[in-house]
**Student:** 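Sharing a structure, written as structure tokens. Questions coming.
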Amino acid sequence: RKEVEQDPGPFNVPEGATVAFNCTYSNSASQSFFWYRQDCRKEPKLLMSVYSSGNEDGRFTAQLNRASQYISLLIRDSKLSDSATYLCVVTALKGGTSYGKLTFGQGTILTVHP
Amino acid sequence: GEEVAQTPKHLVRGEGQKAKLYCAPIKGHSYVFWYQQVLKNEFKFLISFQNENVFDETGMPKERFSAKCLPNSPCSLEIQATKLEDSAVYFCASSPWTGRTGELFFGEGSRLTVL
């Protein structure tokens, strides 16, 4: 079983749609959780961190359920520019502590069309 | 510098040849990470450094892969005797500190093609 699993999609949605991505992780000791965005053939960039209380950044909402080891990302009012691969990312542990090493899910491809 | 600089952007090698990639982390960042991304977006962690010291090398195929981060020099990732399956984009990333932060700053990657 992979450490971080995502539905690879692709998700094809019209502009203005709401779309949700899910992710599960296997290491219950994982400490930090993130969504990264990767545009085609480019480097991944941090989209947002995910906190236990849930957090929102404009049209993006992230949720974390530690009991279920589940992370989600909701995108409202999709824009053409949201088309990208969304990577669910979890920090891995070394010696019981997090040190910044990231474990990536395989990514979910989103295409927003006019 | 203000961004992670990776060179070369593209590298083509025949099977069995050596490949060497370079990464200059953001100035002041003490952690450097190397990741390999093959098809289907699978990111594989290779190795990390804390300054010039290897911090975690659990992802390195040690028979053919080696890496260094020496003072006042770009970090490097070297592959001896490349194989077809080494074809991938190799991303370098740097981070200023450990702990809960997850923001790694990635370079644009070096695309290695092994023929």
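These values consider heavy atoms only, across backbone and side chains, with no hydrogens, waters or symmetry-generated copies. Just so it is clear: chains get the letters A, B, ... in the order the sequence lines come, proteins before strands, and each one is counted from 1.
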**Student:** Is there side-chain contact between Lys2(A) and Glu42(B), with at least one heavy-atom pair below 4.5 Å?
**Tutor:**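 A side-chain contact under 4.5 Å exists here.
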**Student:** Distance check, rounded to the nearest 0.5 Å: Phe106(B) atom CZ versus Leu46(A) atom CG?
**Tutor:**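 The CG atom of Leu46(A) is 10.0 Å from CZ of Phe106(B), to the nearest 0.5 Å.
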**Student:** Under a 4.5 Å cut-off applied to non-hydrogen side-chain atoms, are Gln38(A) and Gln37(B) in contact?
**Tutor:**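 Yes, their side chains come closer than 4.5 Å.
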**Student:** What option among Ala93(B), Gly107(B), Gly109(B) has the most heavy-atom pairs under 4.5 Å with chain A?
**Tutor:**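 Answer, by heavy-atom pair count under 4.5 Å with chain A: Gly107(B).
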**Student:** Keeping to residues at least two apart or across chains, list the ring-ring contact (aromatic ring centres under 6.0 Å, His included) pairs with something in residues 3-26 of chain A.
**Tutor:**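 Sorted result for residues 3-26 of chain A: Phe11(A)-Phe21(A), Phe21(A)-Tyr86(A), Tyr25(A)-Phe33(A).
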**Student:** Shortest non-hydrogen contact from Pro44(A) to Phe43(B)?
**Tutor:**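 The pair with the smallest heavy-atom distance is CG-CZ, 3.7 Å.
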**Student:** Within a 6.0 Å radius of atom CD on Glu108(B), are there more than 12 heavy atoms belonging to other residues, nucleotides or ligands?
**Tutor:**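 No, because the 6.0 Å sphere around CD of Glu108(B) holds 12 heavy atoms or fewer from other groups.
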**Student:** How close do Lys42(A) and Phe91(B) get, counting heavy atoms only, and between which atoms?
**Tutor:**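 Looks like O-CZ, 3.6 Å.
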**Student:** Identify which part of Lys45(A) has an atom lying under 4.5 Å from any heavy atom of chain B, answering side chain, backbone, both or neither.
**Tutor:**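 Lys45(A) has no heavy atom closer than 4.5 Å to chain B.
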**Student:** Give me the atom names and distance for the closest heavy-atom approach of Leu104(B) to Tyr36(A).
**Tutor:**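 Scanning both residues completely, I find the closest heavy atoms to be N-OH, 2.9 Å.
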**Student:** Apart from Leu70(B) itself, which Ile, Leu, Val, Met, Phe, Trp or Tyr residues share its cluster (side-chain heavy atoms under 4.5 Å, direct or through members)?
**Tutor:**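 Hydrophobic cluster check, Leu70(B): no partners found.
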**Student:** Ring centroid separation for Tyr35(B) and Phe104(A), is it under 6.0 angstrom?
**Tutor:**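 Here the rings of Phe104(A) and Tyr35(B) have centres that are less than 6.0 Å from each other.
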**Student:** When hydrophobic residues are tied together by side-chain contacts of less than 4.5 Å, even through go-betweens, does Phe55(B) share a cluster with Leu46(B)?
**Tutor:**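 Different clusters.
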**Student:** Let me check something: do Val38(B) and Phe65(B) share a hydrophobic cluster, defined by ILVMFWY side-chain heavy atoms less than 4.5 Å apart, either directly or through other members?
**Tutor:**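 As far as the 4.5 Å side-chain criterion goes, Phe65(B) and Val38(B) are not connected within one cluster.
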**Student:** Same cluster for Val19(A) and Leu47(A) if Ile/Leu/Val/Met/Phe/Trp/Tyr side chains link at under 4.5 Å?
**Tutor:**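 Linked, Val19(A) and Leu47(A) end up in one cluster.
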**Student:** Tell me whether Ile47(B) is reachable from Val89(B) by hopping between hydrophobic residues (I, L, V, M, F, W, Y) whose side-chain heavy atoms are closer than 4.5 Å.
**Tutor:**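 Different hydrophobic clusters.
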